[in-house]
Number of protein chains: 2
Amino acid sequence: MNEKNDVNTKDALLAAAIGVIADKGFDAATVRDICGRAGANVAAVNYHFGGKDALYVAVLREVFPKGEYNGSASSSAPPRERLHAFLSNLASEIYERGNGLVAQRWAIFLREMAKPSPNLDFIVRRQVQPRADELRDIIVSILGPDTPEQVLAFASSNIWALALDHLLTQSILDRLSPQRPTVHGNMEDFVNHLVTFSLGGLHAVKGSS
Amino acid sequence: MNEKNDVNTKDALLAAAIGVIADKGFDAATVRDICGRAGANVAAVNYHFGGKDALYVAVLREVFPKGEYNGSASSSAPPRERLHAFLSNLASEIYERGNGLVAQRWAIFLREMAKPSPNLDFIVRRQVQPRADELRDIIVSILGPDTPEQVLAFASSNIWALALDHLLTQSILDRLSPQRPTVHGNMEDFVNHLVTFSLGGLHAVKGSS
DNA sequence: CAGATATTCAAACAAGCGTTTAAAAAGAGC
DNA sequence: GCTCTTTTTAAACGCTTGTTTGAATATCTG
């Protein structure tokens, strides 16, 4: 059967694939590169996973585990605190340094967002849906239950955009103002700014509807 | 020399390349596809441009012409009006329907943002810089000249993120809430919402600094 | 018209891709 | 220790990519 070296090779392939795909994206990642990093033969991917596409699916199941996200704060907490917990949690994940699994998760998510594959549905279900549900709940608790659907949709998009911001525009900002203050060194400032800006925007929208 | 058929073929190649690259991105675009659409031979790209990379440079020079952007509103107008003009102009460009040059411009910009090439510097200089300068000026006129640099940088990023939002997250939103109200049909609502939300956020940030 | 130049074309090239093959190596069960 | 199954391996396959080639065609020049 399969016990010792099998598991090692298969796991090594999976780990290598996560790294390469997070770095270069699925299209640019080559089977030879992945097998090279895993110390395995070129044919290993096909033997253990059945092909490059199937390996990608296995990678996504590993990187986006089911039912991992459980919310940022108690739903009974005051709205401002809930929003702060939500944004703080999101920001610390997105802007985390290093090559940990969380960073790779958002890197893969970003690439799928820019160039969707059939697997984006899966990623959205695992990664975005629970957070989006929570955010919507927080917004309703701020704007009130009678908020028009369109305002709710716009506001949700707005706060998502604010949180994802640097993830998406980092390449631009590097070229636009290379000496700008980094987010990493001012994470607390950044999150507080986000909360203040978001709440200001939400209240303004609430008053005008 | 080159007068009739040369110009025709060269222009046809350029037009075809713009379309294909805006659709699929530079990497996924093949010279055979481009030449096919242009009704030219496979060797035409190398003959007229010297290679695929050089063709891409020519495409970018065509799509991002120099000195095209002249600002959205008079700098003497009231801040709210300037911000409205700025966001309205940006939104109408980004969310414009059809395959016009403006739509292709933002499509190429999005792909470069997600996967930067050495040419992103050029695009930023032509496409982003003038708008970013104007936006910064508008924000200063709202927050005041003594605003800390960090707040200014954060606020600029925030409003850029709000404007680019749907361009970046459209693929997500399609999967998250397929029946959401479209932006295209409510452009005026959307822009007004953006202005209100942004001003609310800015004033909140101003008060807390 | 002739001759030089510019352009098009079918074909081939080298390199890289994911995948397949068949034999060698390693391990499991008795 | 021997047999059967699982895993690894080097080599090759078929395909697509961007690019090159050299001959054929078109265009311009004097």
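Computed from a prediction, not measured in an experiment: that's the story for all the values here. Residue numbers begin at 1 in each chain, while the letters A, B, ... track the order of the sequences.
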(message) Distance check needed: D:dT6 P versus A:Lys10 NZ, whole Å only.
(response) 14 Å
(message) Among C:dT8, D:dT21, D:dT19, which nucleotide has an atom closest to any side-chain atom of B:Tyr47?
(response) C:dT8
(message) Between A:Lys115 (side chain only) and B:Gly25 (backbone N and O only), is there a donor and an acceptor less than 3.5 Å apart?
(response) no
(message) In whole Å, I'd like the distance from the CG atom of A:Leu55 to the C1' atom of C:dG18.
(response) 12 Å
(request) Take the protein atom NZ of B:Lys52 and the nucleotide atom P of D:dT16, then report the distance between them rounded to whole Å. (result) 16 Å
(request) Would you tell me whether A:Asp189 and B:Gln150 have side-chain atoms, one donor and one acceptor, within less than 3.5 Å of each other? (result) yes
(message) For a quick check under 3.5 Å, do A:His193 and A:Asn186 share a side-chain donor-acceptor pair by atom type?
(response) no
(request) For B:Asp53 and D:dT17, give me the distance from atom CG to atom C1', rounded to whole Å. (result) 13 Å
(message) Are the side chains of A:Leu164 and A:Leu167 in contact, using a 4.5 Å heavy-atom criterion?
(response) yes
(request) May I ask you to evaluate whether A:Thr9 reaches the phosphate of D:dT7, defined as a side-chain N or O under 4.0 Å from OP1 or OP2? (result) no
(message) For residues 157-183 of chain B, which residue pairs pass the ring-ring contact (aromatic ring centres under 6.0 Å, His included) check, not counting sequence neighbours?
(response) B:Tyr95-B:His166, B:His166-B:Phe190
(request) Could you check how far CZ of A:Phe49 sits from C1' of D:dT8, rounded to whole Å? (result) 15 Å
(message) When you measure from the side chain of B:Ser141 to the backbone of B:Ile138, do you find a donor-acceptor pair of N or O atoms at a distance under 3.5 Å?
(response) yes
(message) Regarding B:Ala44, tell me which of base, sugar-phosphate or nothing describes its non-hydrogen contacts under 4.0 Å with the strands shown.
(response) nothing
(request) Using whole Å, report how far CG of B:Asn8 lies from P of D:dA26. (result) 16 Å
(request) When you get a sec, tell me which of C:dT19, D:dT19, D:dT8 is the closest nucleotide to the side chain of B:Asn46? (result) D:dT19
(request) With a 4.0 Å heavy-atom cut-off, tell me which residues in residues 28-42 of chain A come close to DNA chain D, sorted by residue number. (result) A:Arg32, A:Asn41
(request) Side chain of B:Ala43 only, please: which of C:dG18, C:dT20, D:dT21 is the nearest? (result) D:dT21
(request) Please state whether the phosphate of C:dT8, meaning OP1 or OP2, lies under 4.0 angstrom from any side-chain nitrogen or oxygen of B:His48. (result) yes
(request) Only pairs at least two apart or in different chains count here, so list each salt bridge (Lys or Arg N to Asp or Glu O under 4.0 Å) that has a residue in residues 165-174 of chain A. (result) A:Asp174-A:Arg180
(request) Mind calculating the distance between OH (A:Tyr56) and C1' (C:dC17) to the nearest angstrom? (result) 18 Å
